[in-house]
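What follows is a short report on a single structure.
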Amino acid sequence: MRLTNVAQMSLPPGRVRSLALAPTGPPGRRLPVSFDQGRHVGEGDRPGSWMAVAVRLSGPADEDALAEAWQAVVQRHGTLRTAFSRTGDGDLRLHEVTLGAGTWSEHPVDGHATREVLRDVLDTACRSCAVPSHRLCLVVPDADAEDPRPALVIAADHAHVDMWSLVVLVRDLLACLEDVRAGTGPVGASLPAAPAFAEHTAALEARPAAPGQVRRRWADILEAEGGLMPLFPLPLGDVSSARPEVVEVRDVLDAEEVGTLSQRAHEAGLRTIALAVSALTSATREVAHRPLRAVFPVHSRYEGRWHDACGWFITNAVIESFDPDPAACASAVKEALGLGSWPLAPILAPWGGMPQAPGMFAVSWLDTRRLPVRIDPALELQYVSARIRTDGVMVWFVVNDSGLHLRCRYPDTPQARENVGAWLDAVERALRVAAAS
């Protein structure tokens, strides 16, 4: 597994093909829009709003079989059969759509890197208001390629997927492809049920309002940043407008070091994330002399029935950590999970919604070893982000069987390069110390 972005991902030279499913008929039933979908799509129809996963297939790809398998996957996951639109007065709406047969298209490479061609395809096809806003792509290596295995890319606008969803889609597509090849029984019938994400949105909206202490804690954390979501604790330079991004990918710990870290956590009765937050807290104190305070995305798959579903099952919380003691950091994680367990729209209404500003700081953690869906390492899975402009700092930590990896996106300014780089160096040192202890 590799964390990367479209400008740095590994793709073989060769032909680039994509499968587009055609919408048929008028929009169908109107569906509820989640808080985060509204924020994301509300930023406008734009390139770079997608996320993707890439794998290498074990043998030649049969395009007809792939098309049939992908159509079965789309039928399984309701969010892939929905589309956003705006009314004349600007209201955002989400409707079901009917998708017909797919058509494969060739995208000329003309001497460009295949990842550059792929980026153009996804920036065009996977916009928030595209119908549909997802695309299946295939890179067929040149005849003289050292590695003849085709690369398969599944991409969708972020409003319909998260990182967990991408793993689900890979599993489902490969299972459906096997069913097509076998020619026995309904395609995908052996897979677990997959409820639609719109059901989750409705269920979350129907939950009770957050209690007073949760609202007060949110208010305390936001007011600590002047009424804003947390900001990166060091200067980023002029980010009054979005800048070209810098993306750093670091392999921080290997599998053995992660094993040591996890064992230390287990012996202390803690999860690995507690020791990671301890390292982040120490690093932030070291370089910025401030507590760790960051937007902290947490998954909202709070019931087992959502584990095999596809959608944006992510809500935002905030983590605040003053003390690097691992037990204190475990409490900080627990509190963040609690803050993200309630419908956010009414909580953040006094601030007019999520009060973000240039310099916003977010930290994401995903331990794929804990996911109920596992992908064969031989597929060489890559999590792929789009290439965008940014004014904030976003850090993704992913743990898997090969180790602990991070990807960081920040604006390309001299101050950000220096200060974010110094913070990342301090985090890496602290994690290595924790793993070596």
Side-chain angles (χ1 to χ4, degrees), residues 1 18-21 50-59 61-82 96-102 104 122 125-126 132-138 149-200 299 301 303-314 366 368-384 400:
M1 189 284 302
S18 77
L19 177 69
L21 302 187
W50 52 268
M51 58 194 307
V53 62
V55 295
R56 298 297 292 269
L57 300 177
S58 58
D62 181 322
E63 291 187 354
D64 290 339
L66 272 174
E68 185 176 350
W70 179 241
Q71 285 178 287
V73 172
V74 171
Q75 284 301 120
R76 276 180 50 75
H77 296 289
T79 193
L80 299 182
R81 290 178 283 106
T82 64
E96 291 180 334
V97 295
T98 302
L99 300 175
W104 285 97
L122 302 186
C126 299
S133 58
H134 52 75
R135 188 63 64 95
L136 181 71
C137 297
L138 180 68
R149 295 176 301 160
L152 193 65
V153 180
I154 301 172
D157 184 84
H158 191 2
H160 301 292
V161 294
D162 52 23
M163 292 178 75
W164 185 327
S165 297
L166 292 174
V167 180
V168 169
L169 291 178
V170 169
R171 180 205 62 186
D172 288 4
L173 179 59
L174 295 179
C176 290
L177 186 59
E178 287 300 313
D179 289 346
V180 172
R181 289 169 175 165
T184 57
V187 177
S190 63
L191 292 167
F197 178 66
E199 296 176 29
H200 178 273
H299 81 78
R301 299 173 194 261
E303 295 177 359
R305 64 184 174 129
W306 308 119
H307 289 179
D308 292 288
C310 175
W312 190 340
F313 290 92
I314 299 293
L366 178 65
T368 63
R369 301 172 304 171
R370 297 171 60 88
L371 296 185
V373 181
R374 302 303 297 267
I375 297 298
D376 184 350
L379 292 170
E380 299 180 12
L381 185 145
Q382 300 178 76
Y383 285 117
V384 186
N400 61 18

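We number each residue from 1, following the sequence as shown. None of these values were measured; they are calculated from a predicted model.
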For Ser165 and Ala309, the nearest pair of non-hydrogen atoms, with its separation, is OG-O, 4.0 Å

Report yes if some heavy atom in the side chain of Leu169 is under 4.5 Å from a heavy atom in the side chain of Cys310; otherwise report no. yes

With sequence neighbours left out, the residues meeting side-chain hydrogen bond (donor to acceptor under 3.5 Å, both in side chains) with Arg369 are Ser262, Asp367

With sequence neighbours excluded, tell me which residues meet side-chain contact (heavy atoms from CB on, under 4.5 Å) with Gln71. Leu21, Ala101

Answer whether the closest heavy-atom distance between the side chains of Thr368 and Tyr383 falls below 4.5 Å. yes

Using the test salt bridge (charged side-chain N to carboxylate O under 4.0 Å, His left out), find all partners of Asp172 that sit at least two apart in sequence or belong to another chain. Arg76

Please name all residues satisfying salt bridge (charged side-chain N to carboxylate O under 4.0 Å, His left out) with Arg301, sequence neighbours left out, ordered by chain then number. Asp162

Please name the pair of heavy atoms, one in Leu80 and one in Leu99, separated by the smallest distance, quoted to 0.1 Å. O-CD1, 3.6 Å

Extract all donor-acceptor atom pairs below 3.5 Å that involve side chains of residues 173-196 and protein atoms in other chains or at least two apart in sequence.
{"residue": "Glu178", "atom": "OE2", "partner": "Arg181", "partner atom": "NH1", "Å": "3.1"}
{"residue": "Asp179", "atom": "OD2", "partner": "Gly188", "partner atom": "N", "Å": "2.7"}

Set of side-chain contact (heavy atoms from CB on, under 4.5 Å) partners for Ala67, sequence neighbours left out: Leu19, Trp104

Between the main-chain N or O of Val74 and the side-chain N or O of Arg81, is there a donor-acceptor pair closer than 3.5 Å? yes

Residues at least two apart in sequence or cross-chain that pass side-chain contact (heavy atoms from CB on, under 4.5 Å) with Pro372, listed by chain then number, are Trp164, His307

The side-chain hydrogen bond (donor to acceptor under 3.5 Å, both in side chains) partners of His200 (sequence neighbours excluded) come to Ser300

Over all atoms of both residues, closest heavy-atom pair of Val153 and Ala54: CG2-CB, 3.9 Å

Taking every non-hydrogen atom, the tightest pair across Leu66 and Leu136: O-CD2, 4.3 Å

Mind checking what makes side-chain hydrogen bond (donor to acceptor under 3.5 Å, both in side chains) contact with Trp312, not counting sequence neighbours? none

List in chain and number order the residues that pass side-chain contact (heavy atoms from CB on, under 4.5 Å) with Ser133, two or more places apart in sequence or in another chain; answer none if no residue qualifies. Ala130, Asp157, His160

Arg171: partners by side-chain hydrogen bond (donor to acceptor under 3.5 Å, both in side chains), with sequence neighbours left out: Asp308

